[in-house]
Amino acid sequence: MTFYKFPVEENMNCPVYLFASKEIYAEIEKTALNQLLNASTLPGVEVVVGMPDLHQGYGLPIGGVMAAARNGPISPGAVGFDINCGVRLLKTGLKASDLKDKNIILRRLQQAIPAGVGEGSNLNFSEREFKEILANGVSKLIEAGYVSRKAAANCEDNGNFKEADPDTVSSQAISRGIEQLNTLGSGNHFVELQEVASVSDSDELEEGDLMVMVHTGSRGFGHQVATDYIDLAKKTRDKYGLSFPTNNLAFFPWDSKEGRNYLGAMGAAANFAYANRTFLTESIKRVFTELYPDSYIELFYDHTHNIAREEKHVVNGKEMDLLVHRKGATRLASGGKALIPGSMGTGSYVVKSADSENTRLSLNSTAHGAGRKMSRTQAKKSISRQDHMRSLGDVEVVSAGKNILDESPLAYKDITEVISSLQISDLAYPVAQLKPLLCIKG
DNA sequence: ATGTTC
């Protein structure tokens, strides 16, 4: 069994494919699977796919892909609250063995990176400049001289989501976001120092290389955009004569003004997140330059796992224009690579596309991480501090949050099983494995 | 994920 197919029945508009090994499938909650099946009942949905890190989310499960045809839905809930949550991997020019005092760099990074819920930034922007960043992302940062041209290379969308439109964003989102560029956030967001543990198929990485991985998104800005447009979708339901299988999957019609405005606002949040990860990279660069003058910080790759984008795919032998909503799922183009972080204290991976029949069935998608095994509440209740500390091994972790048991590796699926599941399903294969050394959690 | 129950 390389994947599961749920045939069209009852109100479903298309079959649902779940790419998971038998072991992984057994761990997936019924609620997550039901959410995935539910997505196929939206009128105009052509393809629904689940990744092996599937777990319960808001409307669409995390690890879910929902593609709408030209007459289909635009659903802000199917992208989720952290628009352009994503991962980037940085090269440092150092070997892990060059690290002199782990404690010093950990503390310096912690000082340099504002982290935690509601934590503001050390940067100041006028509203006009902030809106230019929303409109043009990393391109604006380059133009303004904040970063070098290299900042856009190796970044998905070149760090500039073309359809972004700051005029479709509420003033509340602007006021929340303007003070949050260059901040890490909370929850599963992190900055981690990693060592390349093994390389099987990559000429860009070498065993022993010291890398930095960053996982964060669009903070309160994207959250406000999502909130605004989910509310609007609920309000415009009757105007367009729609019915929703669940309010969490409230949607706009493809050609509606409100739907197009959402895509503009979503794009602005995408650019916020690209800019946020770019500014964080500058902060990291300053710490490295101060402590290790011979180091450099260079972007290896950056991509999102929460976004909707228009893409062409062949479905049932026919080429179609689709709006592909991915939530906790990464686009992995044929011949391309992707980053798959594990939970803190466990390994992360660089994978390449298997370029198979199944990668096409999945609309060129891959997993975004280990995926939760337990809800946050369940984790805080059932994981002891002792077991959590033991699960971290010798990885040093500092965190802004006081209780991060809900982020314990014990609350997540085993990343190696997710990776092997991707291989079994013929979606992707690992080309490099990264071992965590130090971790700064939000 | 989130000015963590506007």
Side-chain angles (χ1 to χ4, degrees), chain A residues 32 35 53-64 75-88 113-121 130 169-191 214-232 234-235 247-249 265-266 268-270 272-274 276-277 280 303-308 325-330 341 343-344 368-381 399-408 411-412 440-442:
Chain A
Q35 286 183 325
D53 50 341
L54 199 83
H55 59 101
Q56 193 185 335
Y58 176 94
L60 189 70
I62 321 294
S75 174
V79 172
F81 285 91
D82 194 0
I83 297 164
N84 188 5
C85 186
V87 194
R88 70 167 42 194
I113 296 166
V117 178
E119 188 61 36
S121 165
F130 182 63
V169 165
S170 70
S171 54
Q172 204 183 351
I174 301 278
S175 65
R176 278 181 76 172
I178 199 163
E179 291 173 355
Q180 291 190 318
L181 279 168
N182 194 35
T183 66
L184 184 62
S186 67
N188 60 10
H189 292 164
F190 64 79
V191 170
V214 180
H215 178 211
T216 187
S218 52
R219 309 286 285 102
F221 180 80
H223 193 277
Q224 192 60 49
V225 167
T227 305
D228 291 340
Y229 279 94
I230 289 168
D231 286 350
L232 184 64
K234 289 178 194 167
K235 282 187 197 138
N247 265 342
N248 296 354
L249 280 176
M266 181 203 74
F272 180 105
Y274 284 136
N276 190 30
R277 291 196 287 273
L280 286 167
H303 62 69
T304 173
H305 46 236
N306 285 358
I307 202 81
H325 303 68
R326 290 193 185 84
K327 181 196 278 182
T330 300
S343 52
M344 70 168 135
H368 87 304
R372 287 197 159 275
K373 190 162 71 178
M374 291 178 200
S375 71
R376 293 192 181 278
T377 330
Q378 193 189 348
K380 284 191 174 177
K381 215 160 47 184
S399 66
K402 285 197 176 70
N403 181 348
I404 55 164
L405 290 174
D406 55 342
E407 282 299 320
S408 173
Y412 283 85
I440 295 162
K441 290 287 289 182

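Because the structure is predicted, anything quoted here is derived from the model rather than measured. Side chains are part of it too, since the values below use all heavy atoms of this structure and drop only hydrogens, waters and symmetry mates. Each chain gets a letter, A, B and so on, in the order the sequences are listed, and its residues count up from 1.
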- Message: Please report the distance, rounded to the nearest Å, between CG in A:Asp406 and C1' in B:dT2.
- Response: 13 Å

- Query: Under 4.0 Å between a side-chain N/O of A:Thr227 and OP1 or OP2 of B:dT2, yes or no?
  - Reply: no

- Which part of the nucleic acid does A:Glu179 contact within heavy-atom distance under 4.0 Å: base, sugar-phosphate only, or nothing? nothing

- Query: Hey, what's the ring geometry for A:His55 with A:His368, parallel, tilted or perpendicular (30° and 60° as the breaks)?
  - Reply: parallel

- Task: Would you sort out whether A:Ser218 and A:Asn84 count as a side-chain hydrogen bond (donor to acceptor under 3.5 Å, both in side chains), showing the intermediate values?
- Result: CA-CA 6 Å; A:Ser218 52; A:Asn84 188 5; over 6 Å; no

- Message: Counting the atoms with a prime plus P, OP1 and OP2 as sugar-phosphate, which does A:Gly220 contact under 4.0 Å by heavy atoms, base, sugar-phosphate, or nothing?
- Response: sugar-phosphate

- Spacing between A:Asn276 atom CG and B:dT2 atom C1', to the nearest angstrom: 14 Å

- Let me know the distance between CG of A:Asn188 and C1' of B:dT2, rounded to the nearest Å. 12 Å

- Query: Atom CG of A:Asp231 and atom C1' of B:dT2: how far apart are they, to the nearest Å?
  - Reply: 14 Å

- A:Gly401 and A:Ser399 have their tightest heavy-atom pair at O-OG, 2.9 Å

- Query: For A:Asp82, which of A:Lys327, A:His189, A:His305 qualifies under side chain to side chain donor-acceptor pair (under 3.5 Å)?
  - Reply: A:His189

- Item | Atom-pair distance (CD on A:Gln224; P on B:dT4), nearest Å | 12 Å

